[in-house]
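These numbers were taken from a predicted model, which means no experiment stands behind them. Only heavy atoms go into these numbers, but all of them, side chains included; no hydrogens, no water, no symmetry mates. A note on names: the letters A, B, ... follow the listed sequences, proteins ahead of strands, and every chain is numbered from 1.
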Amino acid sequence: MSSISLFTTAQIVTPPRTTIKQNYHPPPTDKLAFLIDKSKTIRELLQIHAFLLRHGMENHPVLNFKLQRSYSSLGHLQHSTTLFRQTETRNVYFYTTIIHSHTISGLHSEALAYYIQMLSEYVEPNAFTFSALLKGCPFESGKSLHCQAIKLGFDLDTYVRTALVDIYARHCDVISARKLFDTMPERTLVSLTAMITGYAKNGNVDEARALFNGLDERDVVCWNVMIDGYTQYGRPNEALDLFRHMLLSKVKPNEVTMLSILSACGQLGALESGQWVHSYMQNNGISISVLVGTALIDMYSKCGSLEEARMVFDGMKFKDVVAWNSMIVGYAMHGFSQEALELFKDMRRKFLQPTDITFIGILNACAHAGLVSEGWGFFRSMEDEFGIDPKIEHYGCMVNLLGRAGHLEEAYELIKNMSIDSDPVLWGTLLGACRLHGNLNLGEEIVKFLVEHDLANSGTFVLLSNIYAATGNWDGVARVRAKMKETGLQKEPGCSSIEVNNKVHEFLAGDLNHPKSEKIYKMIDEMNEWLKAQGYSPMTDTVLHDIEDAEKERSLEVHSEKLAIAFGLISTKSGRTIKVVKNLRICMDCHNVAKLISKITGRKIVVRDRNRFHHFVDGLCSCGDYW
DNA sequence: GTAATTAGGA
């Protein structure tokens with residue numbers, strides 16, 4: 001490399017300082033500046049630095065400045081600050097750079113301290129200084145800096161404005177962000193992207209899309225922001241759709257795009273799309289970094305392919321705790337409890353410190369295998385051994401574990417004695433366990449408690465109604481129905497999806513909107529014939545039905561997962577596995593139906609519900625009917 | 001003869 005040879009030549013021809021001859025001329029500063037900018041290692045920088053010292057050039061403003069900048073961009077903030085302290089005349093460039101170096105390391109109070117020092121030394125800040133200060137800074141100091149920027153007249157600068165838009169939007173003040181954005185003297189792609197990000201991060205994905213659609217040029221960042229907006233707000237199908245548009249545009253996706261898209265595929269259980277993305281990366285030079293690897297493991301486990309998840313996991317050179325967590329959670333999700341616990345042991349042997357997510361994984365593993373005492377052991381070790389405070393989710397795992405195993409009172413005591421606030425999900429878990437074990441008394445006691453403390457939601461009533469139904473108390477069912485109608489509470493609609501030929505098809509209960517609806521319902525009829533022949537009678541689902549006419553009743557009776565399975569049967573080759581994703585927990589009836597259908601058709605059926613995976617093979621489910 | 005703003009894995 002020419003730059004390196006120039007550098008070494010310079011070093012070789014340089015005699016010791018004492019013997020410098022009068023006709024010796026050091027390399028011109030532009031060449032030295034070039035070398036500093038080209039340096040890729042701290043070693044090279046230190047050598048140049050030494051060279052400057054030997055030649056008495058250490059106070060050269062530009063070279064010194066570049067050195068300081070390169071130190072911090074190579075991750076050696078310490079060297080940067082040392083050099084900064086030794087610099088005699090610190091102008092606005094030096095200050096801006098040292099501030100920027102701290103900002104990008106997340107050291108905002110240090111950055112502010114430098115700003116104050118700068119003012120006390122009467123060095124005047126400029127717009128550059130402000131954009132460096134503002135980037136990602138906390139809301140309170142952001143607002144103060146906004147005031148300062150106005151006073152000093154920098155708030156109209158495009159960079160400063162963009163950073164301000166970003167700060168207000170990121171801290172949920174989209175209105176102010178939009179005002180700042182609308183009054184900008186000049187909009188740029190970056191400021192538009194900041195505004196789109198603001199909408200997307202606050203859940204206003206449609207407003208984000210409207211701005212996005214108005215762009216006449218789009219770079220990879222704004223595509224990524226928009227795609228990730230859909231992914232993060234539960235609209236993964238739209239994320240995939242937009243990704244397809246991106247592929248048609250001239251903009252090449254990068255690693256960030258992959259992270260969003262893999263997450264979307266995982267949410268959808270879209271294995272074919274996920275595999276396609278994986279091979280796309282291999283063919284387009286996007287390497288499997290620890291981030292991408294983790295996203296792949298997550299995607300493959302959520303799409304039901306633990307084998308591929310494990311292959312990615314084993315193929316990763318460097319694995320951090322997040323990567324281990326995703327594999328552990330993956331095993332737990334599929335009910336491979338022993339494998340999850342085994343992996344936890346491996347992780348400990350490598351002296352990796354578990355995190356709260358690790359415990360979500362292993363506590364779920366215990367729950368799926370009914371390992372009550374082991375679960376308690378892990379739960380207690382969180383605080384005692386690892387210093388991790390259990391969060392509501394960990395209590396959720398424990399209540400699920402205890403509840404499923406029939407330790408209802410123990411679970412109830414655990415919730416009542418928690419040091420943190422409970423939430424409806426946690427109580428819902430316990431109510432679900434009460435239904436499972438037909439414990440009406442405790443169920444009623446809990447609901448009473450929840451209503452008194454204004455903690456009840458629609459789920460609470462649905463569960464109570466289910467408990468009544470399970471115990472044959474039809475009056476109770478009717479009362480709850482009336483109560484829900486009166487309070488206007490709605491049940492969250494069940495939705496199932498299935499991927500066929502790279503396209504994800506979604507079904508609601510009783511859905512008639514699918515183009516192949518007619519064939520699907522014919523298939524349902526056929527399925528019912530098969531089931532009858534096997535001596536199966538449907539479990540009367542008594543929850544929340546409108547029984548106005550026979551047709552309507554029938555359509556409501558068809559749960560979304562049955563529609564998805566029927567669609568899978570008619571649109572995939574015989575013998576192929578049918579993979580369905582459901583947003584709620586699978587009900588007992590559908591679980592029974594899936595078992596029988598797997599036996600009758602000889603097909604493997606995989607259902608991912610809100611809680612875990614169910615692999616139905618030849619009339620049996622991997623959950624052992626315990627979920 | 002120097003500098004700044006937008007995206008990211010469980």
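- At the heavy-atom level, A:V290 lies under 4.0 Å from base atoms of the strands shown.
- Between A:L306 and A:E339, the closest side-chain pair of non-hydrogen atoms is not below 4.5 Å.
- Side chain of A:P61, nearest nucleotide from B:dG1, B:dA3, B:dA4: B:dG1.
- When distances are taken from the side chain of A:D157 to each of B:dA3, B:dA4, B:dT6, the shortest belongs to B:dA4.
- Look at CG on A:L134: it is 10 Å from P on B:dT6, rounded to the nearest Å.
- One interatomic measurement links the two molecules: CD1 of A:I36 to P of B:dA3, which rounds to 12 Å at whole-angstrom precision.
- DNA chain B lies under 4.0 Å from at least one heavy atom of each of the following residues of residues 187-221 of chain A: A:V190, A:T193, A:T197, A:K201, A:V221.
- Among B:dT5, B:dT2, B:dG8, the nucleotide with an atom closest to any side-chain atom of A:V62 is B:dT2.
- Between the OH atom of A:Y300 and the P atom of B:dA10 there is a distance of 16 Å, rounded to whole Å.
- Following rounding to the nearest Å, A:I98 (CD1) and B:dA4 (P) show an atom-to-atom distance of 13 Å.
- Applying the 4.0 Å criterion to OP1 and OP2 of B:dT2, one finds that A:K66 has every side-chain N and O outside that range.
- Residue A:F84 contributes atom CZ, which lies 19 Å from atom P of B:dT2 at whole-angstrom precision.
- Rounded to whole Å, atom P of B:dG9 lies 15 Å from atom CE of A:M299.
- In this structure, the salt bridge (Lys or Arg N to Asp or Glu O under 4.0 Å) partners of A:R244, at least two apart in sequence or on a different chain, are A:D241.
- Checked against B:dA10, B:dA3, B:dA4, the side chain of A:Y93 finds its nearest nucleotide in B:dA3.
- Heavy atoms of A:R69 sit under 4.0 angstrom from primed sugar atoms or phosphate atoms, though from no base atom.
- Checked by distance alone, A:S131 brings a side-chain donor or acceptor within 3.5 Å of a matching partner on the base of B:dA4.
- For A:T355, the listed nucleotide lying nearest its side chain is B:dA10; candidates were B:dT2, B:dA10, B:dT6.
- When distances are taken from the side chain of A:V256 to each of B:dG8, B:dA4, B:dA10, the shortest belongs to B:dG8.
- Comparing B:dG8, B:dA3, B:dA10 by their nearest atom to the side chain of A:L291 picks out B:dG8.
- In this entry the distance linking CH2 of A:W324 with P of B:dA10 reads 18 Å, nearest Å.
- A donor-acceptor pair is defined here as one N or O able to donate and one able to accept, closer than 3.5 Å; such a pair exists between the side chain of A:S101 and the backbone of A:T97.
- In this model, the phosphate group of B:dA3 is not approached by any side-chain N or O of A:H100 to a distance below 4.0 Å at OP1 or OP2.
- Tested against A:V205, the residues A:Q232, A:E238, A:M226 include a single side chain to side chain contact (heavy atoms under 4.5 Å, CB included) partner, A:M226.
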Checklist line | CA sep, side-chain torsions, deciding dist, call: A:R310, A:Y331, side-chain hydrogen bond (donor to acceptor under 3.5 Å, both in side chains) | finding: CA-CA 9 Å; A:R310 185 62 199 235; A:Y331 276 128; 3.1 Å; yes
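- We find that CZ of A:F34 is positioned 16 Å from C1' of B:dT2, with the value rounded to whole Å.
- Considering only side-chain atoms of A:D166, the nucleotide from B:dA3, B:dT6, B:dG9 that sits closest is B:dT6.
- Distance from the side chain of A:Q232 is smallest for B:dG9 among the nucleotides B:dA3, B:dA10, B:dG9.
- Ring-plane geometry between A:H615 and A:F336 is classed as perpendicular, the angle between the planes exceeding 60 degrees on a 0 to 90 degree scale with a lower cut at 30.
- Residues A:M311 and A:E307 fail the side-chain proximity criterion, which asks for heavy atoms closer than 4.5 Å.
- Looking at A:K201 and A:V225, their side chains never come closer than 4.5 Å, going by heavy atoms from C-beta outward.
- The base of B:dG1 does not come close enough to the side chain of A:D30 for any donor and acceptor atom to sit less than 3.5 Å apart.
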